[in-house]
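Scroll down for the structure; my scribbles are underneath it.
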Amino acid sequence: MTRFYLVPKVGNALDGFAPKYVVALAVSFQGMDFADDPVFLLAANVTDAQHTLMAANTDVLSIPVALDDKLSALAVSSVQTKLESANLPAHWVKVSLTYRQILKAIAAMILIRQRYFGLAGKLFEASITLDLRLNQLPTATRTNLETAALSLGLDISGLTNTTTLRNALKLLGDQLPSLVMLGETL
Amino acid sequence: MAVTDNFNRADSTSLGANWTVHQGGLEIVTNEAKAVVNGITVERYNAASFANDQYSQTKHTGGTLIEGAAVRCDLADTGDSYVGFGATLDFFTIARYDNNSKTDLAFTAEFATNNAILKLTVTGTSLELLQDGVSKVTTTDATYASGAAGIVTLATGATLDDWEGGDIGAAAAGFRIRRRRLLGIGA
(Lines give C-alpha, C1' and ligand atoms only; values in the text may rest on other atoms or scores of the structure.)
Protein backbone atom coordinates (compact mmCIF):
# COMPACT_ATOMS: atom_id res chain seq x y z
CA MET A 1 0.00 0.00 0.00
CA THR A 2 1.33 3.45 -0.89
CA ARG A 3 1.73 5.74 2.11
CA PHE A 4 3.05 9.30 2.18
CA TYR A 5 5.44 10.83 4.68
CA LEU A 6 7.59 13.86 5.28
CA VAL A 7 10.94 12.48 6.42
CA PRO A 8 14.44 13.86 6.98
CA LYS A 9 17.05 13.62 4.26
CA VAL A 10 20.08 11.84 5.66
CA GLY A 11 23.57 10.91 4.51
CA ASN A 12 26.77 12.62 3.55
CA ALA A 13 28.52 13.79 0.43
CA LEU A 14 30.77 10.73 0.27
CA ASP A 15 28.20 7.96 0.72
CA GLY A 16 25.23 9.81 -0.72
CA PHE A 17 21.88 10.99 0.59
CA ALA A 18 18.50 9.28 0.86
CA PRO A 19 15.20 9.56 2.69
CA LYS A 20 15.63 8.45 6.31
CA TYR A 21 14.27 5.05 7.43
CA VAL A 22 12.81 3.85 4.14
CA VAL A 23 16.02 2.46 2.64
CA ALA A 24 16.38 0.12 5.60
CA LEU A 25 12.90 -1.25 4.94
CA ALA A 26 13.97 -2.30 1.41
CA VAL A 27 10.62 -1.32 -0.07
CA SER A 28 9.81 0.53 -3.27
CA PHE A 29 9.73 4.28 -2.79
CA GLN A 30 9.64 7.56 -4.64
CA GLY A 31 10.93 10.71 -3.00
CA MET A 32 11.17 14.42 -3.75
CA ASP A 33 13.71 16.34 -1.72
CA PHE A 34 13.19 19.96 -0.71
CA ALA A 35 16.30 21.08 -2.66
CA ASP A 36 18.59 22.73 -0.12
CA ASP A 37 16.49 21.85 2.95
CA PRO A 38 17.04 18.30 4.25
CA VAL A 39 13.48 16.98 3.96
CA PHE A 40 11.85 14.50 1.59
CA LEU A 41 8.26 14.16 0.49
CA LEU A 42 8.17 10.38 0.38
CA ALA A 43 5.77 7.84 -1.12
CA ALA A 44 6.56 4.31 0.01
CA ASN A 45 4.98 0.96 -0.65
CA VAL A 46 4.77 -0.37 2.91
CA THR A 47 2.89 -3.00 4.84
CA ASP A 48 0.87 -2.01 7.89
CA ALA A 49 3.70 -3.22 10.11
CA GLN A 50 6.27 -1.20 8.19
CA HIS A 51 4.03 1.85 8.33
CA THR A 52 3.79 1.50 12.09
CA LEU A 53 7.59 1.50 12.26
CA MET A 54 7.81 4.58 10.05
CA ALA A 55 5.11 6.51 11.86
CA ALA A 56 6.64 5.79 15.27
CA ASN A 57 9.61 8.00 14.50
CA THR A 58 9.21 11.46 15.97
CA ASP A 59 10.93 13.12 13.01
CA VAL A 60 8.45 11.61 10.54
CA LEU A 61 5.16 13.23 9.62
CA SER A 62 2.83 10.48 8.45
CA ILE A 63 -0.02 11.25 6.05
CA PRO A 64 -3.25 9.24 6.51
CA VAL A 65 -3.89 6.59 3.90
CA ALA A 66 -7.25 8.14 2.96
CA LEU A 67 -5.86 10.97 0.85
CA ASP A 68 -9.27 12.40 0.05
CA ASP A 69 -10.09 13.01 3.70
CA LYS A 70 -9.91 16.58 4.92
CA LEU A 71 -7.39 17.68 7.50
CA SER A 72 -8.28 18.06 11.15
CA ALA A 73 -7.31 21.25 12.96
CA LEU A 74 -4.55 19.33 14.73
CA ALA A 75 -3.25 18.02 11.42
CA VAL A 76 -3.23 21.53 9.96
CA SER A 77 -0.94 22.62 12.75
CA SER A 78 1.37 19.62 12.35
CA VAL A 79 1.67 20.04 8.59
CA GLN A 80 2.24 23.78 8.85
CA THR A 81 4.99 23.37 11.41
CA LYS A 82 6.76 20.71 9.37
CA LEU A 83 6.59 22.64 6.10
CA GLU A 84 7.55 26.04 7.47
CA SER A 85 10.56 24.56 9.28
CA ALA A 86 11.78 23.43 5.86
CA ASN A 87 11.12 26.80 4.21
CA LEU A 88 8.06 25.61 2.36
CA PRO A 89 5.06 27.96 2.66
CA ALA A 90 2.19 26.52 4.70
CA HIS A 91 -0.04 29.54 5.37
CA TRP A 92 -2.52 28.12 2.85
CA VAL A 93 -2.98 24.78 4.67
CA LYS A 94 -6.47 24.63 6.17
CA VAL A 95 -9.16 22.19 7.28
CA SER A 96 -11.18 22.53 4.08
CA LEU A 97 -8.42 20.91 2.03
CA THR A 98 -7.86 17.19 1.48
CA TYR A 99 -4.55 15.47 2.03
CA ARG A 100 -4.31 14.88 -1.73
CA GLN A 101 -4.64 18.62 -2.37
CA ILE A 102 -2.03 19.32 0.28
CA LEU A 103 0.40 16.80 -1.19
CA LYS A 104 -0.06 18.15 -4.71
CA ALA A 105 0.70 21.69 -3.55
CA ILE A 106 3.75 20.53 -1.62
CA ALA A 107 5.08 18.56 -4.58
CA ALA A 108 4.57 21.51 -6.91
CA MET A 109 6.45 23.94 -4.67
CA ILE A 110 9.22 21.38 -4.26
CA LEU A 111 9.63 21.28 -8.04
CA ILE A 112 10.07 25.06 -8.14
CA ARG A 113 12.61 24.97 -5.35
CA GLN A 114 14.46 22.14 -7.07
CA ARG A 115 14.65 24.04 -10.34
CA TYR A 116 15.89 27.13 -8.49
CA PHE A 117 18.55 25.00 -6.80
CA GLY A 118 19.63 23.50 -10.13
CA LEU A 119 19.96 26.94 -11.68
CA ALA A 120 21.38 29.00 -8.87
CA GLY A 121 22.03 26.93 -5.76
CA LYS A 122 20.66 27.66 -2.32
CA LEU A 123 17.55 29.86 -2.20
CA PHE A 124 17.26 30.35 1.54
CA GLU A 125 20.51 32.04 2.41
CA ALA A 126 20.74 33.36 5.95
CA SER A 127 18.96 36.62 5.29
CA ILE A 128 16.15 35.23 3.14
CA THR A 129 12.84 34.22 4.64
CA LEU A 130 9.46 33.30 3.25
CA ASP A 131 7.98 36.60 4.41
CA LEU A 132 10.27 38.84 2.43
CA ARG A 133 8.65 40.69 -0.45
CA LEU A 134 10.13 40.11 -3.87
CA ASN A 135 11.46 43.67 -3.93
CA GLN A 136 13.31 42.92 -0.70
CA LEU A 137 15.18 39.98 -2.22
CA PRO A 138 18.63 40.42 -3.71
CA THR A 139 18.18 41.20 -7.40
CA ALA A 140 19.92 37.99 -8.44
CA THR A 141 17.63 35.90 -6.21
CA ARG A 142 14.50 37.41 -7.70
CA THR A 143 15.85 37.02 -11.22
CA ASN A 144 16.78 33.42 -10.57
CA LEU A 145 13.33 32.68 -9.15
CA GLU A 146 11.70 34.12 -12.26
CA THR A 147 14.10 32.23 -14.51
CA ALA A 148 13.36 28.99 -12.67
CA ALA A 149 9.62 29.54 -13.04
CA LEU A 150 9.88 30.39 -16.72
CA SER A 151 11.99 27.31 -17.39
CA LEU A 152 9.15 25.22 -15.97
CA GLY A 153 6.74 26.94 -18.35
CA LEU A 154 5.04 28.99 -15.62
CA ASP A 155 3.44 32.42 -15.92
CA ILE A 156 5.21 34.98 -13.73
CA SER A 157 2.94 37.94 -14.56
CA GLY A 158 1.23 37.57 -11.19
CA LEU A 159 4.45 38.28 -9.32
CA THR A 160 4.75 41.89 -8.19
CA ASN A 161 7.17 43.84 -6.04
CA THR A 162 4.97 43.33 -3.00
CA THR A 163 4.36 39.62 -3.48
CA THR A 164 5.98 37.74 -0.63
CA LEU A 165 8.27 34.83 -1.36
CA ARG A 166 5.78 32.49 0.32
CA ASN A 167 2.95 33.71 -1.89
CA ALA A 168 5.16 33.58 -4.96
CA LEU A 169 6.06 29.93 -4.39
CA LYS A 170 2.40 29.01 -3.83
CA LEU A 171 1.19 31.05 -6.80
CA LEU A 172 3.72 29.44 -9.09
CA GLY A 173 3.15 25.97 -7.69
CA ASP A 174 -0.57 26.21 -8.31
CA GLN A 175 0.16 26.40 -12.03
CA LEU A 176 1.89 23.05 -12.18
CA PRO A 177 -0.17 20.04 -13.25
CA SER A 178 -0.90 16.89 -11.27
CA LEU A 179 1.82 14.32 -10.89
CA VAL A 180 1.91 10.67 -9.93
CA MET A 181 3.88 9.29 -7.01
CA LEU A 182 4.01 5.52 -6.74
CA GLY A 183 0.68 5.13 -8.45
CA GLU A 184 -1.16 7.88 -6.56
CA THR A 185 -2.21 10.91 -8.62
CA LEU A 186 -1.70 14.13 -6.72
CA MET B 1 19.27 11.84 -33.32
CA ALA B 2 20.87 8.84 -31.68
CA VAL B 3 24.54 8.19 -31.04
CA THR B 4 26.14 4.92 -30.06
CA ASP B 5 29.33 3.49 -28.70
CA ASN B 6 29.93 -0.27 -28.59
CA PHE B 7 33.35 0.22 -26.98
CA ASN B 8 34.86 -2.16 -29.54
CA ARG B 9 38.40 -0.84 -29.68
CA ALA B 10 41.82 -1.46 -28.25
CA ASP B 11 42.18 -1.57 -24.49
CA SER B 12 42.75 1.91 -23.08
CA THR B 13 42.88 3.70 -19.74
CA SER B 14 40.02 5.95 -20.84
CA LEU B 15 36.92 5.66 -23.00
CA GLY B 16 38.43 8.05 -25.53
CA ALA B 17 37.91 11.57 -26.79
CA ASN B 18 34.13 11.30 -27.07
CA TRP B 19 33.69 10.89 -23.31
CA THR B 20 34.16 13.40 -20.50
CA VAL B 21 34.58 12.30 -16.89
CA HIS B 22 32.36 13.83 -14.19
CA GLN B 23 33.93 11.65 -11.53
CA GLY B 24 35.90 8.42 -11.43
CA GLY B 25 36.80 7.09 -14.85
CA LEU B 26 36.17 4.05 -17.00
CA GLU B 27 38.59 2.13 -19.17
CA ILE B 28 38.28 0.04 -22.29
CA VAL B 29 38.88 -3.59 -21.41
CA THR B 30 38.13 -6.40 -23.86
CA ASN B 31 35.70 -4.27 -25.88
CA GLU B 32 33.68 -3.11 -22.88
CA ALA B 33 33.66 -0.06 -20.62
CA LYS B 34 35.02 -1.12 -17.23
CA ALA B 35 35.49 0.56 -13.86
CA VAL B 36 38.98 -0.74 -13.16
CA VAL B 37 40.15 1.61 -10.44
CA ASN B 38 37.40 4.05 -9.60
CA GLY B 39 34.11 2.35 -8.84
CA ILE B 40 31.93 5.44 -8.68
CA THR B 41 31.97 6.94 -12.12
CA VAL B 42 29.80 9.21 -14.21
CA GLU B 43 30.90 10.03 -17.74
CA ARG B 44 29.02 11.99 -20.38
CA TYR B 45 29.12 11.63 -24.15
CA ASN B 46 30.57 14.85 -25.58
CA ALA B 47 30.48 14.25 -29.34
CA ALA B 48 26.83 15.19 -29.78
CA SER B 49 24.32 17.64 -28.39
CA PHE B 50 21.13 16.37 -26.82
CA ALA B 51 17.65 17.80 -26.52
CA ASN B 52 16.43 18.44 -22.97
CA ASP B 53 14.15 15.39 -23.28
CA GLN B 54 16.63 12.60 -23.81
CA TYR B 55 17.52 9.00 -23.08
CA SER B 56 20.55 6.91 -22.39
CA GLN B 57 20.76 3.14 -22.49
CA THR B 58 23.41 0.49 -22.04
CA LYS B 59 23.79 -3.25 -21.69
CA HIS B 60 24.33 -4.28 -18.08
CA THR B 61 27.08 -6.88 -18.20
CA GLY B 62 28.44 -6.50 -14.69
CA GLY B 63 26.24 -9.02 -12.90
CA THR B 64 26.13 -8.08 -9.22
CA LEU B 65 28.04 -4.83 -9.82
CA ILE B 66 25.89 -1.70 -9.94
CA GLU B 67 25.84 0.26 -13.20
CA GLY B 68 23.54 1.99 -15.62
CA ALA B 69 22.71 5.10 -17.60
CA ALA B 70 22.91 8.85 -17.01
CA VAL B 71 21.00 11.79 -18.46
CA ARG B 72 21.26 15.57 -18.26
CA CYS B 73 24.92 15.40 -17.27
CA ASP B 74 25.92 19.05 -16.96
CA LEU B 75 28.11 20.35 -19.75
CA ALA B 76 30.27 22.36 -17.35
CA ASP B 77 31.23 19.04 -15.75
CA THR B 78 30.59 20.14 -12.20
CA GLY B 79 29.10 16.72 -11.49
CA ASP B 80 25.34 17.24 -11.88
CA SER B 81 23.22 14.53 -13.52
CA TYR B 82 20.43 12.01 -13.15
CA VAL B 83 21.36 8.34 -13.12
CA GLY B 84 19.44 5.09 -13.28
CA PHE B 85 21.09 1.84 -12.30
CA GLY B 86 20.64 -1.70 -11.10
CA ALA B 87 22.42 -5.00 -10.55
CA THR B 88 21.54 -8.65 -10.12
CA LEU B 89 21.57 -8.27 -6.34
CA ASP B 90 20.63 -4.58 -6.05
CA PHE B 91 17.40 -2.71 -6.57
CA PHE B 92 16.60 -0.58 -9.59
CA THR B 93 17.31 2.99 -8.54
CA ILE B 94 16.99 6.51 -9.91
CA ALA B 95 19.29 9.02 -8.27
CA ARG B 96 20.50 12.56 -8.77
CA TYR B 97 24.11 13.72 -8.58
CA ASP B 98 24.70 17.24 -7.29
CA ASN B 99 28.34 18.21 -7.61
CA ASN B 100 29.19 14.50 -7.67
CA SER B 101 27.20 13.78 -4.50
CA LYS B 102 24.39 11.25 -4.93
CA THR B 103 20.83 11.50 -3.65
CA ASP B 104 18.57 8.49 -4.10
CA LEU B 105 15.21 9.60 -5.48
CA ALA B 106 13.38 6.33 -6.05
CA PHE B 107 13.85 2.62 -6.12
CA THR B 108 11.94 -0.54 -6.77
CA ALA B 109 12.48 -3.65 -4.68
CA GLU B 110 13.48 -5.72 -7.71
CA PHE B 111 16.82 -6.83 -9.13
CA ALA B 112 18.20 -6.28 -12.62
CA THR B 113 18.98 -9.08 -15.07
CA ASN B 114 22.47 -9.52 -16.41
CA ASN B 115 22.87 -8.59 -20.09
CA ALA B 116 19.62 -6.62 -20.00
CA ILE B 117 19.37 -3.16 -21.54
CA LEU B 118 18.95 -0.49 -18.87
CA LYS B 119 17.42 2.68 -20.27
CA LEU B 120 16.92 5.97 -18.43
CA THR B 121 14.62 8.57 -19.96
CA VAL B 122 13.89 12.13 -18.91
CA THR B 123 10.96 14.10 -20.26
CA GLY B 124 10.28 17.44 -18.65
CA THR B 125 10.47 16.65 -14.95
CA SER B 126 9.67 12.93 -15.32
CA LEU B 127 12.34 10.25 -15.08
CA GLU B 128 11.85 6.59 -15.92
CA LEU B 129 14.19 3.61 -15.71
CA LEU B 130 13.37 0.65 -17.95
CA GLN B 131 14.85 -2.82 -18.31
CA ASP B 132 14.47 -4.32 -21.78
CA GLY B 133 11.64 -1.86 -22.45
CA VAL B 134 9.73 -2.61 -19.24
CA SER B 135 9.30 0.27 -16.80
CA LYS B 136 10.87 -0.41 -13.41
CA VAL B 137 11.12 2.93 -11.60
CA THR B 138 9.66 6.36 -12.20
CA THR B 139 10.08 9.62 -10.34
CA THR B 140 9.75 13.37 -10.67
CA ASP B 141 12.50 15.93 -10.17
CA ALA B 142 12.97 19.44 -11.54
CA THR B 143 16.52 20.23 -10.48
CA TYR B 144 18.24 19.88 -13.85
CA ALA B 145 16.72 20.90 -17.17
CA SER B 146 19.42 20.09 -19.70
CA GLY B 147 22.70 18.30 -20.33
CA ALA B 148 24.12 15.27 -22.07
CA ALA B 149 23.53 11.53 -21.96
CA GLY B 150 26.09 9.30 -20.30
CA ILE B 151 26.83 6.27 -18.16
CA VAL B 152 27.31 5.47 -14.49
CA THR B 153 29.00 2.77 -12.41
CA LEU B 154 29.03 2.41 -8.64
CA ALA B 155 31.42 -0.50 -8.18
CA THR B 156 34.96 -1.31 -9.18
CA GLY B 157 34.89 -4.03 -11.82
CA ALA B 158 31.51 -2.95 -13.20
CA THR B 159 31.25 -3.39 -16.96
CA LEU B 160 28.98 -1.82 -19.56
CA ASP B 161 28.53 -2.41 -23.26
CA ASP B 162 26.60 -1.20 -26.30
CA TRP B 163 25.70 2.31 -25.16
CA GLU B 164 23.20 4.51 -26.97
CA GLY B 165 21.97 8.01 -26.25
CA GLY B 166 19.52 10.26 -28.04
CA ASP B 167 16.60 12.63 -28.00
CA ILE B 168 13.09 11.66 -27.04
CA GLY B 169 10.51 12.48 -29.65
CA ALA B 170 12.83 12.55 -32.66
CA ALA B 171 11.49 9.27 -34.04
CA ALA B 172 7.91 10.41 -33.59
CA ALA B 173 8.64 13.66 -35.40
CA GLY B 174 10.11 11.71 -38.30
CA PHE B 175 6.98 9.61 -38.47
CA ARG B 176 4.82 12.70 -38.61
CA ILE B 177 6.84 14.08 -41.51
CA ARG B 178 6.56 10.85 -43.45
CA ARG B 179 2.83 10.69 -42.79
CA ARG B 180 2.35 14.27 -43.96
CA ARG B 181 4.18 13.41 -47.14
CA LEU B 182 1.98 10.38 -47.66
CA LEU B 183 -1.05 12.60 -47.28
CA GLY B 184 0.41 15.15 -49.67
CA ILE B 185 0.71 17.78 -46.96
CA GLY B 186 3.70 20.07 -46.79
CA ALA B 187 5.42 18.50 -49.77
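Please read these numbers as outputs of a predicted model, since none were measured by experiment. Chain letters run A, B, ... following the sequence lines, proteins first and then strands; every chain starts at 1.
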What residues of residues 101-115 of chain B sit under 4.5 Å from chain A when only non-hydrogen atoms are counted?
Ser101(B), Lys102(B), Thr103(B), Asp104(B), Leu105(B), Ala106(B), Phe107(B), Thr108(B), Ala109(B)

Crowding at NZ, Lys122(A) (>12 non-hydrogen neighbours, <6.0 Å):
yes

Taking atom NZ as the centre, does Lys70(A) end up with more than 12 heavy-atom neighbours from other residues, nucleotides or ligands that are less than 6.0 angstrom away?
no

Under 4.5 Å between side-chain heavy atoms, counting indirect links through other Ile/Leu/Val/Met/Phe/Trp/Tyr residues: same cluster for Phe4(A) and Phe29(A) or not?
no

Say whether Val60(A) and Val79(A) are linked into one hydrophobic cluster, either directly or through other cluster members, by side-chain heavy-atom distances under 4.5 angstrom.
no

Contact between Gln114(A) and Thr125(B) at the side-chain level, heavy atoms closer than 4.5 Å - yes or no?
no

Verify same cluster id: Leu172(A), Trp92(A) (apolar side-chain graph, 4.5 Å):
yes

Gap separating the CZ atom of Phe117(A) from the CZ atom of Arg96(B), nearest 0.5 angstrom:
7.0 Å

Would you mind checking which part of Leu111(A) comes under 4.5 Å of any heavy atom in chain B, side chain (CB onward), backbone (N, CA, C, O), both or neither?
both

Top contributor to chain B interface from Leu152(A), Ile112(A), Asn45(A), Val27(A) [non-hydrogen pairs under 4.5 Å]
Val27(A)

In one Ile/Leu/Val/Met/Phe/Trp/Tyr side-chain cluster, 4.5 Å: Val93(A), Leu171(A):
yes

For chain A, which residues of residues 134-142 of chain B have at least one non-hydrogen atom nearer than 4.5 Å to it?
Thr138(B), Thr139(B), Thr140(B), Asp141(B), Ala142(B)

Please flag which part of Phe40(A) lies under 4.5 Å from any non-hydrogen atom of chain B: side chain, backbone, both or neither.
side chain

Shortest non-hydrogen contact from Ala26(A) toward Phe91(B)
CB-CE1, 3.8 Å

In this structure, would Leu41(A) and Tyr21(A) fall into the same cluster of hydrophobic residues linked by side-chain contacts under 4.5 Å?
no

Report, as yes or no, whether the 6.0 Å neighbourhood of atom CG on Asn161(A) holds more than 12 heavy atoms from other residues, nucleotides or ligands.
yes

With Asp15(A) via side-chain contact (heavy atoms from CB on, under 4.5 Å) - residues at least two apart:
Asn12(A)

Under 4.5 Å from any heavy atom of chain B, what part of Leu182(A) do you find: side chain, backbone, both or neither?
neither

Can you sort out the partners of Arg133(A) under salt bridge (charged side-chain N to carboxylate O under 4.0 Å, His left out), two or more places apart, ordered by chain and number?
none

